[in-house]
Structures are given as C-alpha cells and as structure tokens.
*Asks:* 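Quick one: this structure, given as structure tokens, is what I'll be asking you about.
Indexing begins at 1, ligand by ligand and atom by atom, following the structure's order. The first residue in the sequence is number 1, and the count goes up from there.
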Amino acid sequence: MRLAVLGSTGSIGCNTLDVAARHPQRIEVSALSAHSRTDQLIAQCLQWKPRWAVVSDEAKALDVKRQLQAQGCPTEVLAGPQALCEVASHPEIDAVMAAVVGAAGLPSCLAAARSGKRLLLANKEALVVGGAVFMQAVREGGATLIPIDSEHSAIFQCLPEDRRTWAQRVDHIILTASGGPFRQRDPASLEAVTPDEACAHPTWVMGRKISVDSATMMNKALEVIEARWLFDLEPERIRAVIHPQSIVHSMVVCRDQSVLAQLGTPDMRVPIAYGLAWPERMESGASALEWASLKALSFEQADERRFPGLFLSWEALRSPLGSTAVLNAANEVAVERFLAGRIGFMDIYRLNARALADIEPRLGANAGLDDLIDLDQGVRARVGQWADERAL
Ligand code: NAD
Ligand code: MG
C-alpha cells in the first residue's frame, strides 16, 4: 500500500510512521507533509525517502529542497495547500492518512475522497466543517472512509462491515471522554487556567490544539458531530459519557439493548493500525491491557457548568446547515488565542456560544467547498475581532 501521511510531523503523523515502520512489506510511505516543523520533515524524508514531501510555505519548501538535495535524498518537494490535494488524489497513492489539524485539512480530505482513496480520517475538523458535502464526495468518489479518532474507530470496530445494516442495528452510540485535566476542578477556578495546565492531558499524549479541546470537552462536541456524519445517526442517538480511565473507547447500544464496546490501552497506534490493515488486523506496537492492575472502569455524566462547550454540538446539529462549520471555526480561533495567552480558558466557550448564536451560516442546499471555505474565513474574521475587542 502506497501511503501519503498528511501532517506527518504531528502526533498522529508520527504514530502512523511508527506503525508503518513495523510493516515495511505492507506499507510504502510515499508522501509526507509539514506546516512549520521542517527540520523534523527533513529527518523523516531522509529516513523514508518518500516520492513527495509537501511544505505549506514556498520559501520553507525551497530550503527543504536544498537541504534534501545536499544529502542526496531523491524526494520531490512541493509547496502550498494545492500540492496537498495533488498528492492526496495522485494515482500512485492508495491510502491517505489525513492528520493535518483543523479545517485546513478539508481540501486535501475532499481530494482523497473524490479520487476514491482509502481515507484514514484523523482530521475530525474536516468532517465537522464538510458534513454532508464531505460524505457525498466519499460516496461519489467510491472512497473507503475509515475513522482514526479512537472513539469512532471503536464504534466502527463494533459494527459489521455492511454499512446498510447499521441503521437497523443501532439504538444509540455512546462516545466515551476522559474528562481531561479539569474533570474534578471547581468550575469557578477554570477562568484562570493556563495553556500548559490545559495541555497536560491525564491519559493521552496529543497535539496542543486537541489537548485544549479535550480540556474544554469541545473535542467531544466535535466528535459528536463527526459521529453524526460517519455513522449517519440522528443527533439524539449520539451520547457522551465521561470515563476517566480511557480504556473503553466507545460503545454501541443495539436495538435489543445489548452493548458492544471496544477496549484497549489508550494508544493511537491501535486505531491507526486498524485503519491501515482493515479488514485485517496487524501488530500496532501498543502494549496489552493489564487486567489484573485495572482497579475500576468508571463512568459519570459531564457537568454542564464545567463543560458547557460539549452541549453546543447538539445545538449546532439542530441549527441551520453550516452551523457546525461556524462552531468549528470559532473554536479554532478561540483555541489559538488561548494558546497565545490572549484570552482566558472559559472565553473559548463564550466565543463559541456567541458565534453559534449570532452568526447565521446562510448556506444554500447546493453549497460546495468554496462556500464552506468562505463561511469558515468569515467566521474566523468575526470571532477574531470579538476576541481582540474583548466582546465576549
Ligand atoms: P498536531 O498539532 O500534533 O499535528 C498537526 C499536523 O498538521 C502537523 O504535521 C502540522 O505540520 C500540520 N499542519 C498544521 N497546520 C497546518 C496547515 N495549516 N496546513 C497544513 N498542515 C498543517 O496534531 P495532532 O494531535 O496530530 O492531530 C491531528 C488531527 O488528528 C487533528 O484533527 C486531531 O483532532 C485529530 N486527532 C488527534 C488525536 C491525537 O491523539 N493526537 C486523536 C484523535 C484525533
Ligand atoms: Mg477522540
């Protein structure tokens, strides 16, 4: 399988390369990409000798090209977002790991979907923004969409291969959430949380954006929306519950109330290996669950005062088409400002809630990628302005 790893310098990207390295007979890494960490990309190119490397910025791409040439590496270096789409849809690529963070990943995900690839989707924001447009591209392009997000991989692993039977089998699904670092914090103390505290996740090691999303539980909100599209379920049939140990990765409650769950150590290499090997299984590098040392598997309801962001997902899904894209764009801007120390932790929720209440998406029934990108850009500008004016 010739694999393109988009976002190869990130947490999911590195985990994907770790799994690929265990299966050299099976996986050929043909393309890598990075946004800013070009030193890391160069090291990856020297190790993997992919056919292509994509760098967002033209000037940085030139520099990478020079350095690779100097070291005799044959990789062709491409620049810019369009190059990501070209690689994602290239006939010599069989599978695409979509591990860019944020809505920036949408065009390349769509390109892979339209050209019928095996699309391993880590980039949940693309699906939250793209929604029906994205799923239509998957259907029309004949792509095989495999979720990499651990919760959605868990649900996917619990369901039979034949999609057409899902609606009849499933009563509802339950996405588990660790509750992040502030599960037990006094809600009043959350205003003063720092970026480093928010990024200190108790069970998963991840990129900074998704770590903040886990601390606000906006990550689960995005995942509820992601599940709505992946599994074609009405919002009422998607639930979320806190499970602090991160061992049960999610559950399917069947029509007869039988519950199927997928369990394992919290290690993203498991859903990545599953996505790469599906419908088979292969070694992932994850360690085995130590059953004897598991003290408890506990579950609790998310507290609305501590995690108000979670509940915005169902609201966005009930709102006019495009509202989930509004919520996502607002959240990306808010998290960026929070990580830069420019707004407080709870301001993330305030900006998201205000965007959902005040911005009407006005998308037509035939909206396409360009309309979604326009909407995304418009929301970013407005929410950025609210943050700057402290109009929260
Ligand atoms: P990360 O920040 O560690 O890495 C992001 C990658 O995207 C990097 O390679 C970076 O160079 C690239 N990138 C960033 N901005 C870009 C842009 N504008 N254009 C092109 N490339 C860009 O993020 P991550 O934690 O690996 O997460 C990646 C995606 O996977 C996210 O959508 C996240 O929600 C999802 N995800 C991550 C985890 C996890 O455990 N890390 C789990 C589930 C889902
Ligand atoms: Mg997840």
*Asks:* Inspect the contact between Lys209 and Glu332 and indicate whether a charged nitrogen and a carboxylate oxygen are less than 4.0 angstrom apart.
*Replies:* no
*Asks:* Counting only heavy atoms, which portion of Met268 has something under 4.0 Å from ligand 1: side chain, backbone, both, or neither?
*Replies:* side chain
*Asks:* Ion pair present between Arg22 and Glu283, side-chain N to carboxylate O less than 4.0 angstrom?
*Replies:* yes
*Asks:* Charged N to carboxylate O under 4.0 angstrom, Glu236 versus Arg228?
*Replies:* no
*Asks:* Check ligand 1 against Thr9 and write out every atom of the ligand that is under 4.0 Å from a heavy-atom position of the residue.
*Replies:* 8 (C), 9 (O), 10 (C), 11 (O)
*Asks:* Suppose I only count heavy atoms of Lys124 and a 4.0 Å limit; which atoms of ligand 1 are within that range?
*Replies:* 32 (O), 34 (O), 44 (C)
*Asks:* Look at atom 24 (P) of ligand 1 and find which of Ser8, Ser108, Ser11 reaches it with the closest heavy atom.
*Replies:* Ser11
*Asks:* Under a 4.0 angstrom heavy-atom cut-off, which atoms of ligand 1 come close to Gly207?
*Replies:* 3 (O), 25 (O), 41 (N)
*Asks:* What N/O/S atom of Asp149 is the closest to the Mg ion (ligand 2)?
*Replies:* OD1
*Asks:* What N, O or S atom of Glu151 is found closest to the Mg ion (ligand 2)?
*Replies:* OE1
*Asks:* Can you sort out which atoms of ligand 1 are near Asp149, meaning under 4.0 Å from one of its heavy atoms?
*Replies:* 43 (C), 44 (C)
*Asks:* Decide, yes or no, whether a salt bridge links Asp18 with Arg269 under the criterion of side-chain N to carboxylate O below 4.0 Å.
*Replies:* yes
*Asks:* Show me which atoms of ligand 1 lie under 4.0 Å from any heavy atom of Ala122.
*Replies:* 30 (O), 32 (O), 35 (C), 36 (N), 44 (C)
*Asks:* Numbering the atoms of ligand 1 from 1, which are under 4.0 Å from a heavy atom of Ser56?
*Replies:* 19 (N), 20 (C)
*Asks:* Between the candidates Glu223, Glu226, Glu125, which shows the shortest non-hydrogen contact distance to atom 31 (C) of ligand 1?
*Replies:* Glu125
*Asks:* Heavy-atom distance to atom 6 (C) of ligand 1: which of Ala99, Gly13, Ala34 wins?
*Replies:* Ala99
*Asks:* When you check the gap from the basic side-chain N to the acidic O, do Asp347 and Arg350 get nearer than 4.0 Å?
*Replies:* yes
*Asks:* Find all atoms of ligand 1 within a distance of less than 4.0 Å from any non-hydrogen atom belonging to Ile210, and give their numbers and elements.
*Replies:* 25 (O), 33 (C), 34 (O), 36 (N), 37 (C), 38 (C), 42 (C), 43 (C), 44 (C)
*Asks:* Would you mind checking if Asp186 and Arg306 are paired as a salt bridge, meaning a charged N to carboxylate O distance below 4.0 Å?
*Replies:* no
